[in-house]
Trainee: 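Pasting a structure here, questions to come.
Remember, it's 1-based here, ligands and their atoms both numbered in the order they're listed.
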Amino acid sequence: MAEPGKVVRWQRWAFSNLGSAFTNFGSLWLILAPLVSLVATYAPRRLFHTYFNLFLRRRARRFLNVVDPYVTVDVSEPGSDVRYSRYGPVSDTDSTYEEVKAYLSGACWQDDARELRAEGAREGDGLVLSMRDGQDVADEFRGAPLWWSSVVEKDVQGQRQGKRRFQRLTFHLRHRRLVVDEYLPHVRRRGREILFSNRRRRLYTNSRSRDAYSYEYKSWSYIDFDHPTTFDTLAMERAKKKEIMEDLDAFRENRDFYRRTGKPWKRGYLLHGPPGTGKSTMVAAMANYLDYDIYDVELTVVHTNTDLRRLLIETTSKSIIVIEDIDCSLDLTGDRAKQQRRRHGPSAAKAADDADDRPRSTVTLSGLLNFIDGLWSACGGERIVVFTTNHVDRLDPALIRRGRMDMHIEMSYCGFEAFQTLAKNYLGVDDHELFGSVEEVLREAELTPADVAECLMTARRAGAGEPSPCLGILVDELKKRAEEKAKAEAEAEAKAAAEAAKAAAEANAAEMARGNAR
Ligand SMILES: Nc1ncnc2c1ncn2[C@@H]1O[C@H](COP(=O)(O)OP(=O)(O)OP(=O)(O)O)[C@@H](O)[C@H]1O
Ligand SMILES: [Mg+2]
């Protein structure tokens with residue numbers, strides 16, 4: 001928004017004097033009107049119309065253009081009429097008025113509108129400033145001066161009387177193309193950005209597809225997303241973090257590139273690593289960095305590919321679509337028991353099968369791939385797809401090939417750089433003489449950032465938040481945790497080996513029994 005310059009001031013002066021021009025035109029019309037009506041009454045009607053159309057209309061318009069070379073465009077407040085669909089009331093879908101108001105709220109701070117109105121933003125705690133009725137603000141676009149004013153007019157519809165509000169844009173006739181082709185789209189775009197940045201972000205989760213047939217079906221329900229993690233607090237090697245942030249920046253800023261090359265504006269990330277290495281935390285950091293909503297897809301409650309498509313069509317632009325634990329959230333061959341057996345042994349598989357009386361999901365790998373690549377992803381664009389898994393080796397290569405999952409990010413055990421971030425988060429220290437001892441423990445043991453974070457919590461409590469005692473306790477805690485983990489892992493391995501031996505013996509016995517029977 002520019003400070004009105006000399007030209008703008010002159011134009012404003014001319015604009016405010018239009019009234020007197022109209023007055024002069026009015027006097028002229030007082031003389032001309034009886035003449036025109038005389039001719040109109042006594043000349044043959046058709047002849048008069050033909051003469052007017054041929055010779056006078058264009059001149060009359062040119063004359064008007066000289067007297068008033070300004071054009072106005074009204075953006076009116078959506079009506080209060082509520083439309084109903086079979087699912088209930090539907091809000092007015094034209095958001096232009098809100099976008100223009102949001103755009104002008106910036107101008108209200110800077111320009112000379114003194115009488116403002118403040119309304120609570122639809123979401124969040126902010127206030128949206130707008131002009132009081134009758135106020136105006138100046139704007140400038142590519143050297144063209146423009147004025148916005150807030151107008152209220154009486155609106156009579158049948159018996160009902162009400163008020164109708166407009167944001168009225170006034171500009172010179174010669175800027176008509178510029179305004180229509182470039183300025184108004186610019187205003188809408190900027191307004192949308194302002195509205196988006198003012199809103200609270202959301203974390204959506206999908207409901208069971210079975211509900212799709214009930215009257216009040218909603219594919220997604222949401223809560224406000226208020227996760228504190230940022231890339232600053234995420235424990236990870238600095239270089240890796242920087243690479244991911246640069247990748248996200250490039251994605252966000254390259255709308256035109258995606259358009260030019262005919263690629264849908266989406267990017268896929270595969271986060272893999274052991275439990276507790278920060279995969280879910282990374283998704284939150286990404287959402288906070290980009291200011292996007294999150295759609296957390298629970299595939300196990302989606303029954304068919306059609307349900308999946310319906311779900312995804314309802315996601316909005318500027319969002320991250322996450323499928324957590326892709327390897328076990330859905331067995332893409334439909335054999336859930338096999339997954340359980342692989343993870344926890346045969347008895348767990350049987351228990352899972354018995355407990356699970358839900359209708360089987362028939363979502364297939366091709367359904368999922370169509371969602372990643374298919375036409376829907378071109379609708380609206382600007383979506384990020386994230387898969388997380390603990391076992392990257394178990395995934396179908398088709399699912400994670402480059403182009404689908406553009407970046408594979410390994411989330412690994414806590415290294416020293418990651419520890420430095422955690423120490424800063426939990427104890428507020430950047431460096432300390434005991435850091436060397438911590439580094440030694442971390443080099444020896446495979447501890448996840450979640451393990452280290454937990455030890456830091458314990459140490460913080462026991463050391464009353466003082467760095468030196470806390471770090472001393474931390475070293476002991478980390479050693480203890482490393483021993484516990486090693487012991488638990490050895491036990492799990494021995495148990496798995498015993499189960500495998502037992503299963504092999506059972507299979508052998510069954511084989512022998514079959515042989516005897518024959
Ligand atoms: N890289 C990290 N940076 C900061 N905190 C972390 C990190 N990794 C783990 N944490 C801490 O550990 C907790 C668990 O981490 P998170 O849920 O992100 O792990 P995950 O990799 O998603 O595990 P899972 O595979 O079990 O889903 C987090 O709430 C966070 O406090
Ligand atoms: Mg997780």
Trainee: With heavy atoms of Thr277 as the reference, note each atom of ligand 1 found under 4.0 Å away.
Mentor: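 Near Thr277, the atoms of ligand 1 are 1 (N), 8 (N), 19 (O), 21 (O).
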
Trainee: Only heavy atoms count here, so choose which of Ala235, Ala418, Gly278 is nearest to atom 1 (N) of ligand 1.
Mentor: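 Among Ala235, Ala418, Gly278, the closest heavy atom to atom 1 (N) of ligand 1 belongs to Ala235.
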
Trainee: Give a yes or no on whether the ring-centroid distance for Tyr103 and His186 is below 6.0 angstrom.
Mentor: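 Yes.
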
Trainee: With a 4.0 Å cut-off on N to O distance, would you call Arg310 and Asp307 a salt bridge?
Mentor: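 Answer for the salt bridge query: yes.
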
Trainee: For ligand 1, indicate whether the residue Asn425 contacts it via side chain, backbone, both or neither (heavy-atom separation under 4.0 Å).
Mentor: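 Neither part.
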
Trainee: Are more than 12 heavy atoms from other residues, nucleotides or ligands located less than 6.0 Å from atom CZ of Phe416?
Mentor: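 Check passes, neighbour count above 12.
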
Trainee: Nearest protein heavy-atom contact for atom 30 (C) of ligand 1: which residue, which atom, what distance?
Mentor: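 Residue, atom and distance for the closest contact: Thr281 OG1, 4.0 Å.
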
Trainee: Atom 26 (O) of ligand 1: which protein heavy atom is closest, and how many Å away?
Mentor: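 For atom 26 (O) of ligand 1, the nearest protein heavy atom comes out as Pro275 CB, 3.6 Å.
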
Trainee: Going by an N to O cut-off under 4.0 Å, is there a salt bridge joining Arg201 and Asp293?
Mentor: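 No.
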
Trainee: Just jot down the ligand 1 atoms closer than 4.0 angstrom to any heavy atom of Leu234, in number order.
Mentor: 1 (N), 3 (N)

Trainee: Using a strict 4.0 Å threshold on nitrogen-to-oxygen distance, state whether Glu499 and Lys502 make a salt bridge.
Mentor: no

Trainee: Output yes when Lys485 and Asp451 qualify as a salt bridge under the 4.0 Å nitrogen-oxygen rule, no when they do not.
Mentor: yes

Trainee: What protein heavy atom is closest to atom 13 (C) of ligand 1, reported as residue, atom name and distance in Å?
Mentor: Ala450 CB, 4.2 Å

Trainee: Do His432 and Ser468 pair up side chain to side chain, a donor and an acceptor below 3.5 Å, judged on atom types alone?
Mentor: yes

Trainee: Numbering the atoms of ligand 1 from 1, which are under 4.0 Å from a heavy atom of Lys279?
Mentor: 18 (O), 19 (O), 20 (P), 21 (O), 22 (O), 23 (O), 24 (P), 25 (O)

Trainee: What atoms of ligand 1 come closer than 4.0 angstrom to any heavy atom of Pro449?
Mentor: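 Answer, ordered by atom number: 1 (N), 2 (C), 7 (C), 8 (N), 9 (C).
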
Trainee: Does any N, O or S atom of Ser280, backbone or side chain, fall under 2.8 Å from the Mg ion (ligand 2)?
Mentor: yes

Trainee: Say whether Ser280, considering both its backbone and side-chain N or O atoms, lies within less than 3.5 Å of an N or O atom on ligand 1.
Mentor: yes

Trainee: Run the numbers for me: atoms of ligand 1, each under 4.0 Å from some heavy atom of Asn390, listed by number.
Mentor: 25 (O)

Trainee: How close does the nearest protein non-hydrogen atom get to atom 31 (O) of ligand 1, and which residue and atom is it?
Mentor: Tyr426 OH, 4.2 Å

Trainee: May I ask you to identify the nearest protein heavy atom to atom 9 (C) of ligand 1, giving residue, atom name and distance to one decimal place in Å?
Mentor: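 Closest protein heavy atom to atom 9 (C) of ligand 1: Gly276 O, 3.4 Å.
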
Trainee: Is the closest basic N to carboxylate O distance between Asp224 and Arg202 below 4.0 Å?
Mentor: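 A salt bridge is absent here (no side-chain N lies under 4.0 Å from a carboxylate O).
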
Trainee: Give me the nearest non-hydrogen protein atom to atom 5 (N) of ligand 1 as residue plus atom name, then the distance to 0.1 Å.
Mentor: Leu422 CD2, 4.1 Å

Trainee: Less than 4.0 angstrom from a charged side-chain N to a carboxylate O is my criterion; do Glu193 and Arg190 meet it?
Mentor: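 Looking at Arg190 together with Glu193, the answer is yes, because their closest N to O distance falls below 4.0 Å.
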
Trainee: Is it the case that more than 12 heavy atoms not belonging to Lys240 sit under 6.0 Å from its NZ atom?
Mentor: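 For Lys240, atom NZ is crowded (more than 12 foreign heavy atoms under 6.0 Å).
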
